[in-house]
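Written below as structure tokens is the structure these notes are about.
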Amino acid sequence: MKILADTHVHTLASGHAYSTVDEIIREASRKGTKLVAITDHTSGMPGGAHDFHFMNLRAIPEEIYGVKVLRGAEINIIDYEGNVDAQEEIMNEVDMVIASLHPPCIAFAKKEAVTSCIEKVMQNPLIHIIGHPGDARYPLDFERIVKMSKETGTLLEINNASLKPSSFRPGVRESLIEMLHYCIKYQTHVVVGSDAHIAYDVGEFKESYNLLQELNFPKELVINTDVEALLTFISKKRLK
Ligand SMILES: [Zn+2]
Ligand SMILES: [Zn+2]
């Protein structure tokens with residue numbers, strides 16, 4: 001299995017990441033990654049990018065060093081009603097939107113509250129991916145989440161950074177094992193993202209490959225093993 005698109009990458013604009021677009025795309029090109037989505041944090045994250053950052057992403061060429069560049073955003077879920085910190089104007093402007101739960105943007109909560117929140121977020125036609133599900137501080141009923149993912153065409157992410165020993169997020173591995181079992185049961189697609197905060201980590205998916213292999217997870221359900229399949233999947237969401 002080879003992941004050909006990295007759907008989750010941060011630049012200097014995120015406020016706590018350390019590389020430029022040029023450094024990131026050079027590294028992706030060197031590694032043979034065919035597509036990179038630049039997904040900086042929106043303004044609800046302390047130090048996150050201003051709205052103008054996202055409105056001006058069209059300044060970035062669509063292809064650099066042979067790598068296709070998607071204009072994206074990682075937005076913050078800010079309450080348990082499923083509200084987010086980005087206006088529709090911004091979500092419409094970019095090609096791809098990841099929505100995530102991050103401290104300090106939202107307090108930790110119990111399973112029922114977090115699950116119904118994520119169900120609502122997935123029903124938002126402008127949101128394509130749920131970023132790093134599996135953080136035990138935001139527990140989920142994965143059967144419900146996977147069913148809603150299938151119903152709404154929203155991708156659940158295997159976040160490589162969260163699987164590393166250096167991760168800030170507890171319990172991710174155990175949660176993802178449960179999630180992936182349901183993804184097999186319901187034949188639901190997932191997406192793998194590096195969540196790189198520095199260029200060296202772009203296109204690095206070692207921990208995710210190990211987990212997928214361990215579970216014998218079908219390659220066909222990992223949407224970004226095929227760039228065209230990823231782009232088609234994402235374009236369908238907004239048509240719903
Ligand atoms: Zn995140
Ligand atoms: Zn991120």
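Both ligands and their constituent atoms are indexed starting at 1 by order of listing.
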Only protein N/O/S atoms count here: give how many lie under 2.8 Å from the Zn ion (ligand 1).
-> 3
Given the rule in the side-chain hydrogen bond (donor to acceptor under 3.5 Å, both in side chains) test, do S194 and N160 qualify, once you have shown the distances and angles that lead to the verdict?
-> CA-CA 5 Å; S194 70; N160 201 69; over 6 Å; no
D85 and T42: side chain donor to acceptor below 3.5 Å | yes
Transitively linked via ILVMFWY side-chain contacts under 4.5 Å: I118 with M179?
-> yes
Partners of E62 by side-chain contact (heavy atoms from CB on, under 4.5 Å), sequence neighbours excluded?
-> none
Do H41 and H16 have a side chain donor and acceptor closer than 3.5 Å?
-> yes
N159 side chain to E157 side chain, donor-acceptor N/O pair below 3.5 angstrom | yes
Return yes when at least one N/O/S atom of H10 is nearer than 2.8 Å to the Zn ion (ligand 2), and no when none is.
-> yes
